[in-house]
Protein chains: 4
Amino acid sequence: MLNRVILIGRLTKDPELRYTPAGVAVAQFTLAVDRPFSREQSSEREADFIPIVVWRQLAETCANYLRKGRLAAVEGRMQVRNYENNEGRRVYVTEVVADNVRFLESPNREGGASQGRDEFAGNSGNSGGGGYGGSSRSSGPRNSGNNNQDPFADDGKPIDISDDDLPF
Amino acid sequence: MLNRVILIGRLTKDPELRYTPAGVAVAQFTLAVDRPFSREQSSEREADFIPIVVWRQLAETCANYLRKGRLAAVEGRMQVRNYENNEGRRVYVTEVVADNVRFLESPNREGGASQGRDEFAGNSGNSGGGGYGGSSRSSGPRNSGNNNQDPFADDGKPIDISDDDLPF
Amino acid sequence: MLNRVILIGRLTKDPELRYTPAGVAVAQFTLAVDRPFSREQSSEREADFIPIVVWRQLAETCANYLRKGRLAAVEGRMQVRNYENNEGRRVYVTEVVADNVRFLESPNREGGASQGRDEFAGNSGNSGGGGYGGSSRSSGPRNSGNNNQDPFADDGKPIDISDDDLPF
Amino acid sequence: MLNRVILIGRLTKDPELRYTPAGVAVAQFTLAVDRPFSREQSSEREADFIPIVVWRQLAETCANYLRKGRLAAVEGRMQVRNYENNEGRRVYVTEVVADNVRFLESPNREGGASQGRDEFAGNSGNSGGGGYGGSSRSSGPRNSGNNNQDPFADDGKPIDISDDDLPF
DNA sequence: TTTT
DNA sequence: TTTT
């Protein structure tokens, strides 16, 4: 066993934060990772769209600081799940279970020239966004007290993630 | 863009070697990569089964030296392809396109104590298995002159790989 | 053999661009890579300072686009050189020979809100900074015609890099 | 911050196991990592010799199962320490601090055909060599009760590692 | 279903 | 559909 993936790309959407029945946080998002420039094919730029899963503290940090379009570095391992869909067919899902996510762009401050300290977050005690400084109306962490961020708001829809999927 | 994967695992089957219409070699195999030991779940050991694709020289080297059950290290990038299946549904396929494969076990020689030099093979000019020494009836490279290894033997079946998939 | 390093950090100085006697471009710079936050030690943030070497086209691209303080991702392999210093003592130098460098911050345009397309550059045919768009007086590529950038200006000082160090 | 190294190579010597004054286990060894084959230089094969450091449980597992000449995969981060030597000169030491080590060869059993299960060991609770099966006089774990393995036997010599070096 |  |  050795299974290590490192990706840099941009979020195609805001992360989705859920909670397992046992109350464990999970966030999911997709990273668009540009392929190396293939000179012959004059066609437009191509990318791989890679699903990322993060758990616990790191999930909440990602949900708070990452947004659609943002550049991020992700470190983790490849995981292939499979399940039977409602037509009785086996479906295979490949994702990267991240244990380290690095935010490569600080949200632009109000009228600002941007570029503060870049942030990282890991899942091994050193998470929490460590010293994230500038927060502002438009670009700071969301999710404090506004009800539409309530993770249980999605309870109506089935979640296909159980605690058994917990990788640690 | 940055997209790097490194895996160590065992082949679930012998590699399959094909050729594109333009004559470019492609090999495919699946690597069983043991997951990190999860102590709670007393259940049996788990693994991720990860599809690997290799092209050109490296494809032929892999087809010659790798076999079911063999341990290998694979370096490459994650790629997500998608196509429409015969029911008009879009299917997503995630694979690792390898540019470096390392053979971590030399095939056991006849009565041998095993463990010769370990082999690697890259796709950047340094491939070819560079100096692979011991070959023997049962464990050396196959594919020389025996017709059932003829890559065109599979021509009857459609190949879902076109030259457009060439990653370089 | 398998030897892969991936780093994200900031340049401690502008890159130094030299040329070997045979005319091959080499650039060197140091990356400050923050260590994972160690909670106990309340002391200030620590970093590892890691020497990077890049060759050929990629060297020139780095010299053109990277600057002190800029954030970059570097992919390559660890290399340990050793030489005898002028006191007859053997000195060991560890560096990362990069084959892929990604510029994680576009230089801020004049009064600009920054954040254009992020750039990457590889050493395998896909280099050249591929379509870098915005250049401006203060932040675009330097090195065109201004003499103090002449790589041979440093000829007086000995260069401890020979063509034998060429990794490809 | 992102700092990831993955190496495969052979130990140049048996690992050295020490203990810090506070009783924390540290093991050190050097990995010979073959460089990619450079076709032009007909000279002999070259390698990089890379110092590895491992802490705690993983240190003891390495000391027990790794030996000179054995093939191993190492995952960790690059670290650059520096200290003043006895001539008042600043010396820089680059090492890989490993958090995952994989034993790629099981020790050959007595008359055995070799190739048992391959072993790994991590530093995050899943260490301990998890289910290592076959042990024998000549190739099993050492260090049980034989005095010359006593870690404090080296106490006379100064150790240049303090608890401050603890990376977690 | 995709990002800049 | 999976390897040891």
Side-chain angles (χ1 to χ4, degrees), chain A residues 1-3 7-16 28-35 37 44-52 66-74 80-82 84 89-92 103-105 108, chain B residues 1-3 7-16 28-35 37 44-52 66-74 80-82 84 89-93 104-105 108, chain C residues 102-106 113-120 130-134, chain D residues 102-106 113-120 130-134:
Chain A
M1 159 277 165
L2 189 123
N3 184 335
L7 304 170
I8 297 181
R10 290 184 183 279
L11 295 240
T12 61
K13 290 185 190 162
D14 288 4
E16 285 188 43
Q28 291 182 289
F29 56 89
T30 296
L31 216 57
V33 181
D34 288 339
R35 292 198 182 160
F37 207 59
E44 71 276 42
R45 200 129 176 83
E46 280 176 307
D48 291 288
F49 296 93
I50 300 179
I52 313 290
L66 282 178
R67 282 297 165 282
K68 174 177 178 176
R70 244 6 116 56
L71 190 69
V74 161
V80 184
R81 286 187 293 124
N82 69 81
E84 200 157 312
R89 208 194 301 275
R90 192 137 295 270
V91 179
Y92 290 83
F103 310 151
L104 296 175
E105 292 169 350
N108 296 326
Chain B
M1 159 276 165
L2 188 122
N3 184 334
L7 304 169
I8 298 182
R10 291 184 183 279
L11 294 239
T12 62
K13 290 184 190 163
D14 288 3
E16 284 188 44
Q28 291 181 290
F29 55 90
T30 295
L31 216 58
V33 181
D34 288 339
R35 292 198 182 160
F37 208 59
E44 71 276 40
R45 201 134 176 77
E46 280 175 306
D48 291 289
F49 295 93
I50 300 178
I52 313 291
L66 282 178
R67 283 296 167 281
K68 175 178 177 174
R70 237 21 106 54
L71 190 69
V74 161
V80 183
R81 286 188 293 126
N82 70 81
E84 201 156 310
R89 208 195 301 274
R90 191 137 295 270
V91 180
Y92 291 83
V93 181
L104 296 176
E105 292 169 351
N108 295 327
Chain C
R102 209 173 166 302
F103 310 151
L104 296 175
E105 293 170 349
S106 36
S114 105
Q115 303 317 7
R117 206 181 193 312
D118 42 279
E119 298 308 313
F120 79 92
Y132 183 87
Chain D
R102 209 173 165 299
F103 310 151
L104 295 175
E105 293 170 350
S106 37
S114 102
Q115 305 314 10
R117 208 184 190 311
D118 43 278
E119 297 309 313
F120 79 93
Y132 183 86

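Chain identifiers are assigned alphabetically (A, B, ...) following the order of the sequence lines, protein sequences preceding nucleic acid strands; residue numbering begins at 1 within each chain. A quick note: this is a predicted structure, and the numbers were derived from the prediction, not measured.
With distances taken from any side-chain atom of A:Y92 to the nucleotides E:dT2, F:dT1, F:dT3, the minimum falls on F:dT1. Across F:dT4, E:dT2, F:dT2, the shortest atom-to-atom separation from the side chain of B:R10 is found for F:dT4. Side-chain proximity of A:R90 to E:dT3, F:dT1, F:dT4: nearest is F:dT1. Which of E:dT2, F:dT1, F:dT3 sits closest to the side chain of A:T30 comes down to E:dT2. Considering only the side chain of B:T12, F:dT3 comes nearest among E:dT1, F:dT1, F:dT3. Listed nucleotides F:dT2, E:dT2, F:dT1 differ in distance to A:F49; the shortest reach to its side chain belongs to E:dT2.
A salt bridge links A:E105 to A:R10: at least one charged side-chain nitrogen sits closer than 4.0 Å to a carboxylate oxygen.
Here the shortest heavy-atom pairing between B:L104 and B:A72 reads CD1-C, 3.9 Å.
When rounded to the nearest whole Å, the span between CG of B:D14 and C1' of F:dT3 equals 12 Å. Atom CG in A:L66 sits about 21 Å away from atom P in E:dT2, given to the nearest Å. Protein atom CG of B:L31 is 13 Å distant from nucleotide atom P of F:dT3, rounded to whole Å. One atom, CG of A:L104, and another, C1' of E:dT3, lie 14 Å apart when rounded to the nearest Å. Distance A:L11 CG to E:dT2 C1': 11 Å, rounded to the nearest Å. Taking atom CZ on A:R67 and atom C1' on E:dT2, their separation rounds to 17 Å, with Å as the unit. One atom, CG of A:L2, and another, C1' of F:dT4, lie 16 Å apart when rounded to the nearest Å. A:Q28 has its CD atom 18 Å from the P atom of E:dT2, to the nearest Å.
Applying the side-chain hydrogen bond (donor to acceptor under 3.5 Å, both in side chains) rule to A:R90 yields the partners A:N82, A:E84; only residues at least two apart in sequence or on another chain are considered.
In terms of modelled atom types and a separation under 3.5 Å, the side chain of B:D34 and the main chain of B:A47 share no donor-acceptor contact.
Test B:T30, B:L31, B:V33 against B:F49 for side chain to side chain contact (heavy atoms under 4.5 Å, CB included) and you get one pass: B:T30.
Here A:G69 lies in heavy-atom contact (under 4.0 Å) with sugar-phosphate atoms only.
Neither OP1 nor OP2 of F:dT3 sits under 4.0 Å from any side-chain N or O of B:R70.
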